[in-house]
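Please read the structure below before turning to the comments.
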Amino acid sequence: SDTRTLAFEAGRKWGARVNAISAGPLASRAAHAIGDIEKMIDYCRRSSPIPEAITAAEVGNVAAFLCSSLAAGITGAIVHVDKGYHAMGVGPDLGGPTCR
């Protein structure tokens, strides 16, 4: 809801567009410091319609698109960059990622 609220306020006040990117788990240096990122990536890979890990370039490409004039009519949106994982339910044979 923050994205939509900011889109409305920034759009009315300054004519600015506000969007957000919801990226799936990404094997970045920061994520490796948290730990268990490989388990999360593997789980999402097995559960997603496109069974491969996302890359930083894919997330960057979406950011570049949203900042470009090609996305001039888009505001208040959340774009999922996760190979379709956000649209899937938990498969009975996969189980969810474990929490400690």
Side-chain angles (χ1 to χ4, degrees):
S1 72
D2 288 340
T3 301
R4 293 187 305 269
T5 300
L6 287 171
F8 180 81
E9 292 178 5
R12 290 294 177 100
K13 190 168 184 177
W14 299 296
R17 296 180 295 115
V18 177
N19 295 294
I21 296 173
S22 176
L26 182 64
S28 65
R29 287 188 316 176
H32 282 288
I34 295 169
D36 290 336
I37 188 65
E38 293 302 329
K39 288 181 185 176
M40 289 187 276
I41 291 169
D42 182 58
Y43 176 79
C44 287
R45 182 184 301 127
R46 291 182 294 129
S47 303
S48 298
I50 300 173
E52 51 191 47
I54 64 168
T55 66
E58 291 167 334
V59 177
N61 288 340
V62 171
F65 163 72
L66 288 173
C67 291
S68 77
S69 61
L70 296 173
I74 301 172
T75 193
I78 299 173
V79 180
H80 296 273
V81 183
D82 62 3
K83 308 284 179 146
Y85 174 74
H86 73 280
M88 306 310 297
V90 176
D93 59 333
L94 296 176
T98 57
C99 297
R100 292 183 186 174

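Nearest heavy atoms, Ile78 versus Ser22: CG2-CB, 3.9 Å. Taking each heavy atom of Val18 and Ala10 in turn, the nearest pair found is CG2-CB, 3.9 Å. The shortest heavy-atom contact between Tyr85 and Pro49 is N-CD, 4.1 Å. Taking each heavy atom of Met40 and Pro25 in turn, the nearest pair found is O-CG, 3.8 Å.
Interatomic distance, CG of Asn19 versus OG1 of Thr75, reported as 5.0 Å (0.5 Å rounding). In this structure, CG on Asn61 lies 11.0 Å from OG on Ser68, to the nearest 0.5 angstrom. Atom CE of residue Met88 and atom NZ of residue Lys83 lie 15.0 Å apart, to the nearest 0.5 angstrom. Of the inter-residue distances, the one linking Cys44 atom SG with His86 atom NE2 reads 12.0 Å to the nearest 0.5 angstrom.
Between Ile54 and Val59, some side-chain heavy-atom pair lies under the 4.5 Å cut-off. Contact of the Phe65 side chain with the Ile74 side chain is registered, since non-hydrogen atoms from C-beta on lie closer than 4.5 Å.
Contacts of Glu9 classified as salt bridge (Lys or Arg N to Asp or Glu O under 4.0 Å), with partners at least two apart in sequence or in another chain: none.
Between Lys39 and Asp42 there is no salt bridge, since no side-chain nitrogen of the basic residue lies less than 4.0 Å from a carboxylate oxygen of the acidic one.
A single hydrophobic cluster is seen to contain both Val81 and Leu26, as judged by linkage of ILVMFWY side chains at heavy-atom distances under 4.5 Å, directly or through other members. Taking hydrophobic clusters as Ile, Leu, Val, Met, Phe, Trp and Tyr residues chained together by side-chain heavy-atom distances below 4.5 Å, Val62 shares a cluster with Leu70.
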